[in-house]
Protein chains: 2
Amino acid sequence: MQNLSKMDILKSYLETKGLKSTSQRDYIADTFFKTNTHISLDELLKKVKRKTPNIGYATVYRTMKLLTECGLAIARQFGDGQTRYENLPDDGHHDHIICIKCSKICEFQNQKIEQLQAEAAKKLGFTVVNHKLELYGYCSECS
Amino acid sequence: MQNLSKMDILKSYLETKGLKSTSQRDYIADTFFKTNTHISLDELLKKVKRKTPNIGYATVYRTMKLLTECGLAIARQFGDGQTRYENLPDDGHHDHIICIKCSKICEFQNQKIEQLQAEAAKKLGFTVVNHKLELYGYCSECS
DNA sequence: TTGAAAATGAATATTATTATCATAAGCTAA
DNA sequence: TTAGCTTATGATAATAATATTCATTTTCAA
């Protein structure tokens, strides 16, 4: 079992909610944590079924709902009519800057921005567990 | 009829596509242009029906598809299972914070964050022209 | 070990989106 | 203006994804 820290976060979330740990949940979560794409429920179910064929769609659905609730997954829509789940990268770098001409993508992280986000959220009564920041512009070669 | 310039953009889009101008389309578009929220099809239909009760869901649906195609509306998903249409603000840009439990959406603006974004981009040799920032967390009622 | 609480999985229900089709309305040419 | 063709409309139906139900199984704390 990889992804120990993520699994720990999940376990502690379950505990605070009075929910139980099950082999299905663990296996679905672990499988998801190993993806680095935007995976749909059907795709994840297919992956999970390779090793545990009698797992049901509903369990995958409910597990992903849990992971989303505790900030370990981000549910996104890309316009194909399906919800896709994004796994957080381990190093926490999930800000992107994308060149609108050549499509080059760079990643960056800025602690100060994250701090300001948390403050802005607090003013509105929110507690941030996750964020998605995408900048669009021209890279050095295209500007 | 307000929103003349947006209406002009729509009219010229229709013309280039060989589509026709109708009173329903005009009224739906004008009603949408007057919103400053993330409106769903049902909500927009309800608004439109106040003055023109015999308008149909399908016409609203098709009109919003057109507006999206020509860039006058942005179709967004915030996780409540409904597509919501964002009217382009006249006064610029806003960011979103979304409750991952109840799907409440708040908007906020933060000049300082935008400034830091520009700085971070500059370090990577980029010039920012646009950005998308979404925070996910718990609202005051769900935390 | 036991029993209450929660999870599972198959199936069903619900909901939003998209397509269909008969009729109505807009547009162009004469 | 009108004839004739094209597109739009609105009611409804089809589709597809998501959410719920329920009988059974599993977990976990006492």
Side-chain angles (χ1 to χ4, degrees), chain A residues 7 10-31 38-70 73-85, chain B residues 10-31 38-70 73 75-85 100-103:
Chain A
M7 204 53 85
L10 174 58
K11 289 281 166 73
S12 100
Y13 179 76
L14 293 178
E15 205 165 337
T16 64
K17 292 278 174 181
L19 305 177
K20 289 167 181 172
S21 201
T22 68
S23 61
Q24 291 96 328
R25 248 178 210 167
D26 288 355
Y27 187 63
I28 293 165
D30 189 56
T31 302
H38 303 98
I39 199 166
S40 69
L41 281 180
D42 278 332
E43 289 162 359
L44 185 55
L45 177 64
K46 218 167 152 186
K47 266 197 174 190
V48 164
K49 269 183 178 291
R50 285 188 205 140
K51 285 213 175 169
T52 55
N54 53 348
I55 215 154
Y57 175 94
T59 302
V60 175
Y61 165 77
R62 285 178 289 221
T63 300
M64 289 316 297
K65 199 172 179 185
L66 275 176
L67 292 183
T68 302
E69 275 171 27
C70 65
I74 302 178
R76 307 204 53 166
Q77 320 278 150
F78 293 98
D80 65 345
Q82 271 191 311
T83 298
R84 292 181 169 275
Y85 295 87
Chain B
L10 175 58
K11 290 283 167 72
S12 98
Y13 179 75
L14 293 178
E15 205 166 335
T16 64
K17 290 278 176 181
L19 305 177
K20 290 167 182 174
S21 200
T22 69
S23 62
Q24 291 97 327
R25 251 178 207 167
D26 288 355
Y27 187 64
I28 293 165
D30 189 57
T31 302
H38 306 97
I39 199 165
S40 68
L41 281 180
D42 278 332
E43 289 162 358
L44 184 55
L45 177 64
K46 219 166 153 186
K47 266 198 174 188
V48 164
K49 269 183 177 291
R50 285 189 205 139
K51 285 213 174 170
T52 55
N54 53 348
I55 216 155
Y57 174 93
T59 303
V60 175
Y61 165 76
R62 285 178 290 221
T63 300
M64 289 315 297
K65 200 171 179 185
L66 275 176
L67 292 183
T68 302
E69 276 169 24
C70 65
R76 309 202 56 170
Q77 321 278 153
F78 293 100
D80 65 345
Q82 274 189 309
T83 298
R84 293 183 169 274
Y85 295 87
I100 54 185
K101 193 152 183 195
C102 74
S103 296

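By convention in this document, chain letters (A, B, ...) are assigned in the order of the sequence lines, proteins followed by strands, and residues within each chain are numbered from 1. Any value given below was found using the heavy atoms of this structure, including those in side chains, with hydrogens, waters and symmetry copies removed.
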Closest-nucleotide ordering on DNA chain D, the 5'-leading residue of Ser23(A) and Ala58(A): Ala58(A)
5′-ward residue of the pair Gln77(A)/Ile28(B) relative to DNA chain D: Ile28(B)
Quiz item: Lys20(A) side-chain donor-acceptor pair to dT26(D) base, under 3.5 Å: no
Residue [X], side-chain heavy atoms: nucleotide from [options] that is nearest:
X        : options                   : value
Thr83(A) : dT20(C), dT8(C), dT18(D)  : dT18(D)
Thr22(B) : dA8(D), dA16(C), dA19(C)  : dA8(D)
Arg25(B) : dA17(D), dT9(D), dA10(C)  : dT9(D)
Tyr57(B) : dT8(C), dT18(C), dA6(C)   : dT18(C)
Tyr61(B) : dT18(C), dT18(D), dG9(C)  : dT18(C)
Lys65(B) : dA19(C), dT20(D), dT20(C) : dA19(C)

Between [X] ([atom1]) and [N] ([atom2]), how many Å, whole number?
X        : N       : atom1 : atom2 : value
Asp42(A) : dA17(D) : CG    : C1'   : 9 Å
Leu45(B) : dT18(C) : CG    : C1'   : 16 Å
Met64(A) : dA17(D) : CE    : P     : 17 Å
Asp26(A) : dA7(C)  : CG    : P     : 12 Å

Which residue lies more 5' along DNA chain C, comparing Gln82(B) with Arg62(B) via nearest heavy atoms: Gln82(B)
Spacing of CD1 belonging to Ile55(B) relative to OG belonging to Ser23(B), to within rounding of 0.5 Å: 7.0 Å
Separation of Tyr61(A) OH from Leu44(A) CG (nearest 0.5 Å): 14.5 Å
Donor-acceptor under 3.5 Å (Arg25(A) side chain, Ser21(A) main chain): no
Thr52(B) side chain to Lys49(B) backbone, donor-acceptor under 3.5 Å: no
Gln24(B) side chain near dG10(D) phosphate (N/O to OP1/OP2, under 4.0 Å): yes
Sugar-phosphate only, base, or nothing, as touched by Asn54(B) at under 4.0 Å among non-hydrogen atoms: sugar-phosphate
CD (Glu69(B)) with more than 12 external heavy atoms under 6.0 Å: yes
